[in-house]
Amino acid sequence: MPIRDVVIFPYMMTPFVVGRESSVRALEEALAGEKKIFLATQHDASVDEPRPDEIYGVGTIANIVQSLKLPDGNIKVLVEGVERAKVVSVSDDEGFFRSVVRTFSYKVESGTQLDALTSRVTSLFEQYVKLSQNLNYETMIAAIRVDEPGKLADTVGANLQLNIEEKQELLEIFDPVDRLTRVAEMLDIEIEKLNVDRSIQGRVKRQMERAQKEYYLNEKIKAIQKELGRGEKSEFDELRKKIEAAGMTKDAHEKSIAELKRLENMPPMSAESTVSRNYLDWLLAVPWKKKTKEIRDLAFAQQVLESDHYGLEKIKERILEFLAVRRLVKNPRGSILCFVGPPGVGKTSLGMSIAKATGRKFVRMSLGGVRDEAEIRGHRRTYIGALPGQIIQMMKKAGTRNPVFMLDEVDKMAMDFRGDPSAALLEVLDPEQNFMFVDHYLDVEYDLSQVFFVATANVLHTIPAALQDRMEVIRLSGYTEIEKMEIARRFLVKKQMEGTGLHPKNIEFTDDGLQALVQYYTREAGVRNLEREVGNVCRKITRKVVNASSSETPHTLPRVTVTSAVVTELLGPQKFRDLTTDKKNEVGAVIGLAWTEVGGQILTTEATTMEGRGKLSTTGKLGDVMQESAHAAMSYLRSRAHLFGLNRDFYRHLDIHVHVPEGAIPKDGPSAGITIATALVSALTGIPVRGDLAMTGEITLRGRVLPIGGLKEKLLAAHRHGITEAILPRDNEKDLPDIPENIRKEMKLHFVEGMDQVLKIALERELVALPLPQAPVELASRTPAEEKITH
Ligand SMILES: Nc1ncnc2c1ncn2[C@@H]1O[C@H](COP(=O)(O)OP(=O)(O)O)[C@@H](O)[C@H]1O
Ligand SMILES: [Mg+2]
């Protein structure tokens, strides 16, 4: 009987349905006899009536175990393979094939080689069953527990997922050991295939699982958001509406819309979408069109400036002029105001007043210690945690396009390998460029041209020249004691009372009390510490007042009058002594006047001599220029030794040491020249220097006194310290009108031209000169070589 699509192996139970007429006849013939039938597979399953040469020549003799006639005329049979056999001859005279077949019997030599093969096949098959999911492990393993190699090969072969050709190939191997060897090979290949299958399957499965999980979570997020009333859709719509309403530039608008589209397509909780969200938020947060209405009334501006600040007449005038020019000329050169002066003189608060006077918002950015371009211009978005620079951050804070933008402490800006912040700042301040300022993070042009920039600095010389060039510099100097008291009375006390919740009925400062604060508790050019001390007094009084009464309403509380005695009681012993009392005349000590970042300072210069070999050493952290001054003074001295009563070679057996105490104060500049020279003369001659006198001036090698800067600051400092006389360069006399009147009245000012005048005023006794020295030694005559050249 030809069969299709299946190869029956010996020992194998197989059910199948028989339908073809010839096959039914063959089956009936067999059932009538020994119930044995020869089954052989046809080459091509699609052929209905195969000829004998279309059927494989090797098949299996099978027992018919069961047969059942079905209603449609087909017969269902269950057969059990018995033995393979080879066709010898076929006849089809009876309406079915009658075959003569031949079987073979083999004698198998048992031995270790066969044992090894058997166990190899067994274990490979175990692996195979494990890997292939459609075989039942237990039954399979039980099935192959046989000791006969031929039977093992057939059982295993029957259960492998082989195609018909391969199965037929196995069936045709009559030698059991050959067959088993072939089965082992096939097992190897099949296991390999299954392994590959399995890893691919695993991968596919994992991918499927992940995708499913993500899908599931996303759906869940959507559901949660919906539940919270912020559906995803409406959120993007909201953003789109905001973008449309922000009034962005064309460029910024396009960027925002593009970013929004990207955002919509991102998984909502991914890191990427957070970055994208932040960026959009920033684009939306900077003011694109919002402006405050500018107040252009100069009279109003004047009124604001007057009511916020005492004194500063010239400065207020300059500010008003500046505002007037700004109204008429668009972008004048030097269109940025820069206040330069010591701390606490009102630079920042003037900036705030300008904002108030012009109806603009006020923002302040400190440039102190800014050393990185990125702090001004931001980091590119590709950096993790990138943010816009300070300029854009401050614009966001301002919320309007036209604030007063204070660049505080421009002189403290540093520069290092991370790039030069001043270059970025230059761009910000340049009216030709700043309407298209590009922050690295924002990455779109932003218009800064409506911003009113105001800069502040303590000193001018550390500001890069290119930056200075853009600025209109207004210098503020320190205040006199009288001005300070006035500022305290009119502004600081009021401010601090408000800050501490005191009612005018609770507290009153007397002149004497304020003077004590100014003189003995502060020593500064500005009024910052004074404001702090006034605040201290107010706080302490608040506490007293609250303690003394159970009532909560301030105006029913007791009243305190702040006199100098009360100040001492509240703030403790005086912090600064009145220096007027111990101004003794000393040898080698001279009071000099210096001009530093924090205003004027008095600095004592000391000089002393000791046995040595003419070395001049300087200490006290002196800058290069100041050290040069010391050497110039020394050279002057040596060249005029006889005038001071000194021998020409006085220095040969002496070392001279110049020291300027107070290491914390930065000291440089040429203006200590005459101070050092005076200290040297005093130390060498033993004549004391007057202690109630201060001096400042540059010295030349020939003893001329040259002018200096910061005269007002210096005199204010001297006055603060109770010094009554000062020696100043003649050329500084022109600055006299700048000096407050009370100082001009209370101090005796000597304007001098030469060192001889300085010494005459400063030394306690007159110098006694030696007779004129011999003529100076002739220079060595020219060398022969030089002579040659001249010929
Ligand atoms: N001329 C002045 N009139 C009124 N208050 C002043 C005056 N000068 C300074 N102040 C006050 O002193 C304090 C310190 O001033 P600030 O502007 O911070 O100084 P700066 O910025 O120059 O260091 C502020 O409270 C300021 O209002
Ligand atoms: Mg300030």
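Keep in mind the model is a prediction, meaning the values are calculated, not measured. We count ligands from 1, going down the list as the structure has it; atoms in each ligand are counted the same way.
If you check which protein heavy atom lies closest to atom 26 (C) of ligand 1, you get Ser349 OG, 3.5 Å. Closest to atom 21 (O) of ligand 1, if we only count protein heavy atoms, is Thr348 OG1, 2.7 Å. When hydrogens are left out, the protein atom nearest atom 7 (C) of ligand 1 is Tyr479 OH, 3.7 Å; that is the closest non-hydrogen contact. Of the protein's heavy atoms, Lys495 NZ, 2.5 Å lies nearest to atom 25 (O) of ligand 1. Looking only at heavy atoms of the protein, atom 22 (O) of ligand 1 is closest to Lys347 NZ, 2.7 Å. Atom 3 (N) of ligand 1 has Tyr310 N, 2.9 Å as its closest protein atom, hydrogens excluded (heavy atom only).
Classification of the Phe453-Phe405 ring pair by plane angle, with boundaries at 30° and 60°, yields tilted. Between Phe452 and Phe322, the ring-plane angle classifies as tilted under the 30° and 60° cut-offs.
Atom NZ of Lys293 sits in a sparse spot, with 12 or fewer heavy atoms from other residues, nucleotides or ligands closer than 6.0 Å.
For the pair Leu476 and Pro342, the tightest heavy-atom approach, listed with the atom from each and the gap, is O-CD, 3.4 Å. Nearest approach of Ile507 to Cys538, heavy atoms of both residues: CD1-SG, 4.2 Å. Shown here for Val345 and Leu312, the closest heavy-atom pair between the two residues is O-CD1, 4.5 Å.
Side-chain contact check for Tyr521 versus Asn536: every heavy-atom pair is 4.5 Å or farther apart.
Between the side chains of Ser353 and Asp308, a donor-acceptor pair is found at a separation under 3.5 Å. A donor atom on one side chain and an acceptor atom on the other are found under 3.5 Å apart for Gln496 and Glu531.
Using a 4.0 Å cut-off between heavy atoms, Leu312 contacts ligand 1 through its side chain alone, with no backbone atom that close. With a 4.0 Å heavy-atom cut-off, ligand 1 is reached by the side chain of Arg528 but not by its N, CA, C or O. At a heavy-atom distance under 4.0 Å, no atom of Glu483 approaches ligand 1.
At least one N, O or S atom of Thr348, from either the backbone or the side chain, sits less than 2.8 Å from the Mg ion (ligand 2).
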- Query: side chain to side chain contact (heavy atoms under 4.5 Å, CB included) between Leu350 and His309: does it pass, once the steps are laid out?
  - Reply: CA-CA 8 Å; Leu350 275 173; His309 292 93; 3.6 Å; yes
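Residue contacts with ligand 1 leave out Gly311, since none of its heavy atoms falls under 4.0 Å from the ligand.
When Ala457, Gly526, Gly346 are ranked by how near their heavy atoms come to atom 19 (O) of ligand 1, first place goes to Gly346. One option in Thr456, Leu530, Ile487 has a heavy atom closer to atom 5 (N) of ligand 1 than any other, and that option is Ile487. Here atom 12 (O) of ligand 1 lies nearest to Val527 when heavy atoms of Asp308, Val527, Asn529 are compared.
The distance from ligand 1 to the heavy atoms of Pro343 drops below 4.0 Å at these ligand atoms: 23 (O). Each of the atoms 12 (O), 13 (C), 24 (C), 25 (O) of ligand 1 lies under 4.0 Å from some heavy atom of Glu531.
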